[in-house]
Enquirer: 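My questions all concern the structure below.
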Amino acid sequence: MTRSRLRGTGSALPAKVVTNAELAERVDTSDEWIVERTGIRQRYIAGEGETTASLAIEASRSALDDAGMDASEIDLIVLATATPDNTFPATATKVQDALGCNGGIAFDVAAVCSGFLYAVATADSMLKTGMAKRALVIGAETFSRILNWEDRTTCVLFGDGAGAIVLEREDTSDNENAAGIIATRLHADGAQHDLLYVDGGPSTTQTVGHLRMRGPEVFRHAVVNLTSVLNEVLEDAGVSAEDIDWVVPHQANARILDATARKLRIPAERIVVTVDQHANTSAASVPLALDTARRDGRIKAGDLIMLEAMGGGFTWGACLMRV
Ligand code: UT7
């Protein structure tokens, strides 16, 4: 048996913090409304010279450092983003070049807020089939560049950032408790396109476009879909919710995290919450939260952790791993 084992994590945030109070000076909102309805207190916003690639490169260097690996050992880079530096080539190839590990496989994955789950599942499959041995899996976004800053219903919700992990294929013999990815499930429902999308693109408007969301409807779908996919993964792995040490969820809204945890009977103390600090960073939110909880000592070697996310498409997924 082989498993893709977590070797290191890293993250990167832009230099500039924007508080709710600062946003309230630009649009008709308040710190009180944002905190009460979302749990968000601040977000990081990319400045001049900071891009999805630059954040991804910084997060990747930090993950390699944490793994004690040299970039030359990486033969696969999968980068999840909905805000690439350019329409093409893939931002992953920019990361590859900056790290100086050219020659392996590098590509982007587009599944918006669940992009990191899709990227992990893709890398895991490629490691298991022997196409690569060590993968850098990245979620990186600059959502601030696709927001309509006059629309209070969306602009207060998102932030920029990047997170990265290093996965390594490891022979685990028949040890069921071995560290690594145990089970993953992904889903998509293209019929829900209009609830969350960007109203532009190279082949339609030849512009980048702005994010549009019907928030309350997305909220309802998120709780139902996440509860269902988490139950699927628990069943696949033959474990119960009580066995999970930490849930590392996509950070869209503290109320979604609470509602999902309640449905699964997972105590709030075992949910990693960073939405207050980072807001919703789309594909970057899960690896940012994972890196935060590893570095502050909450997630320890041997822990059973569940990653989960839901986003535009709709797309959603969950992944259980032992670290
Ligand atoms: O990452 C991808 C997945 N995305 C999500 O999971 C997001 C899911 N949705 C949500 O998190 C929530 O639906 C929102 C945070 C987007 C909105 O919260 P809500 O509790 O569903 O509020 P609402 O949209 O029902 O709006 C309630 C009221 C409305 O006013 P009226 O019509 O009741 O007078 C809004 O116009 O709040 C108003 N409102 C605001 N007020 C102050 C909407 N945005 C704001 C704002 N500041 N920023």
Side-chain angles (χ1 to χ4, degrees), residues 18-43 80-83 110-118 139-144 146-161 163 186-190 192-198 210-230 247-261 263 271 273-276 278-289 307-318:
V18 176
T19 63
N20 293 345
E22 286 172 82
L23 281 184
E25 288 167 16
R26 298 171 66 159
V27 287
D28 181 17
T29 190
S30 65
D31 177 52
E32 195 189 6
W33 189 94
I34 301 171
V35 172
E36 191 188 306
R37 307 311 296 167
T38 71
I40 298 166
R41 292 183 182 276
Q42 61 168 46
R43 72 285 296 138
T81 191
T83 48
V112 207
C113 296
S114 19
F116 186 72
L117 269 296
Y118 270 70
E141 303 276 16
T142 43
F143 254 50
S144 62
I146 55 164
L147 296 175
N148 172 359
W149 285 97
E150 322 239 291
D151 175 12
R152 70 172 183 173
T153 69
T154 52
C155 78
V156 304
L157 304 174
F158 296 90
D160 302 332
L186 300 175
H187 294 285
D189 178 7
Q192 309 301 338
H193 170 278
D194 292 356
L195 299 187
L196 178 51
Y197 67 103
V198 167
H210 290 122
L211 180 145
R212 287 171 179 265
M213 177 166 73
R214 302 212 315 243
E217 281 149 282
V218 176
F219 190 111
R220 280 192 290 278
H221 281 276
V223 176
V224 171
N225 291 343
L226 289 171
T227 306
S228 143
V229 76
L230 285 165
V247 180
V248 187
H250 170 50
Q251 311 283 323
N253 185 323
R255 290 189 295 132
I256 295 180
L257 307 187
D258 292 344
T260 312
K263 276 184 180 277
I271 316 278
V273 181
T274 55
V275 68
D276 54 330
H278 303 154
N280 181 347
T281 56
S282 184
S285 91
V286 171
L288 260 169
L307 315 182
E308 49 101 317
M310 139 103 191
F314 287 153
T315 54
W316 65 101

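Both ligands and their constituent atoms are indexed starting at 1 by order of listing. The model shown is predicted, which means the values in this text are computed figures rather than measured ones.
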Enquirer: Quick one: ring pair (Phe, Tyr, Trp, His ring centres under 6.0 Å) partners of Phe314, sequence neighbours excluded?
Expert: His221
Enquirer: Could you go through ligand 1 and list every pair where one of its N or O atoms sits under 3.5 Å from a protein N or O, giving the atom names and the distance to one decimal?
Expert:
{"unit_1": "ligand 1", "atom_1": "1 (O)", "unit_2": "His250", "atom_2": "NE2", "d": "2.8"}
{"unit_1": "ligand 1", "atom_1": "1 (O)", "unit_2": "Asn280", "atom_2": "ND2", "d": "2.7"}
{"unit_1": "ligand 1", "atom_1": "9 (N)", "unit_2": "Gly215", "atom_2": "O", "d": "3.0"}
{"unit_1": "ligand 1", "atom_1": "11 (O)", "unit_2": "Asn253", "atom_2": "ND2", "d": "2.7"}
{"unit_1": "ligand 1", "atom_1": "13 (O)", "unit_2": "Gly215", "atom_2": "O", "d": "3.2"}
{"unit_1": "ligand 1", "atom_1": "13 (O)", "unit_2": "Pro216", "atom_2": "N", "d": "3.3"}
{"unit_1": "ligand 1", "atom_1": "20 (O)", "unit_2": "Arg37", "atom_2": "NE", "d": "2.9"}
{"unit_1": "ligand 1", "atom_1": "20 (O)", "unit_2": "Arg37", "atom_2": "NH2", "d": "2.7"}
{"unit_1": "ligand 1", "atom_1": "20 (O)", "unit_2": "Arg255", "atom_2": "NH2", "d": "2.9"}
{"unit_1": "ligand 1", "atom_1": "36 (O)", "unit_2": "Arg152", "atom_2": "NH2", "d": "3.0"}
{"unit_1": "ligand 1", "atom_1": "37 (O)", "unit_2": "Trp33", "atom_2": "NE1", "d": "3.2"}
{"unit_1": "ligand 1", "atom_1": "41 (N)", "unit_2": "Trp33", "atom_2": "NE1", "d": "3.4"}
{"unit_1": "ligand 1", "atom_1": "41 (N)", "unit_2": "Arg152", "atom_2": "NH1", "d": "3.4"}
{"unit_1": "ligand 1", "atom_1": "47 (N)", "unit_2": "Thr29", "atom_2": "OG1", "d": "2.7"}
{"unit_1": "ligand 1", "atom_1": "48 (N)", "unit_2": "Thr29", "atom_2": "OG1", "d": "3.1"}
{"unit_1": "ligand 1", "atom_1": "48 (N)", "unit_2": "Arg152", "atom_2": "O", "d": "2.9"}

Enquirer: To the nearest 0.5 Å, tell me how far Leu230 CG sits from Glu308 CD.
Expert: 5.0 Å
Enquirer: Under the salt bridge (Lys or Arg N to Asp or Glu O under 4.0 Å) rule, what do Arg41 and Asp276 come out as? Steps first, then yes or no, please.
Expert: CA-CA 5 Å; Arg41 292 183 182 276; Asp276 54 330; 5.4 Å; no
Enquirer: Kindly state each residue pair satisfying salt bridge (charged side-chain N to carboxylate O under 4.0 Å, His left out) with at least one member in residues 29-39, sequence neighbours excluded.
Expert: none
Enquirer: Roughly how far, to the nearest 0.5 Å, is CE of Met310 from OG of Ser114?
Expert: 7.5 Å
Enquirer: Could I get the full list of ring pair (Phe, Tyr, Trp, His ring centres under 6.0 Å) partners for His210, not counting sequence neighbours?
Expert: none
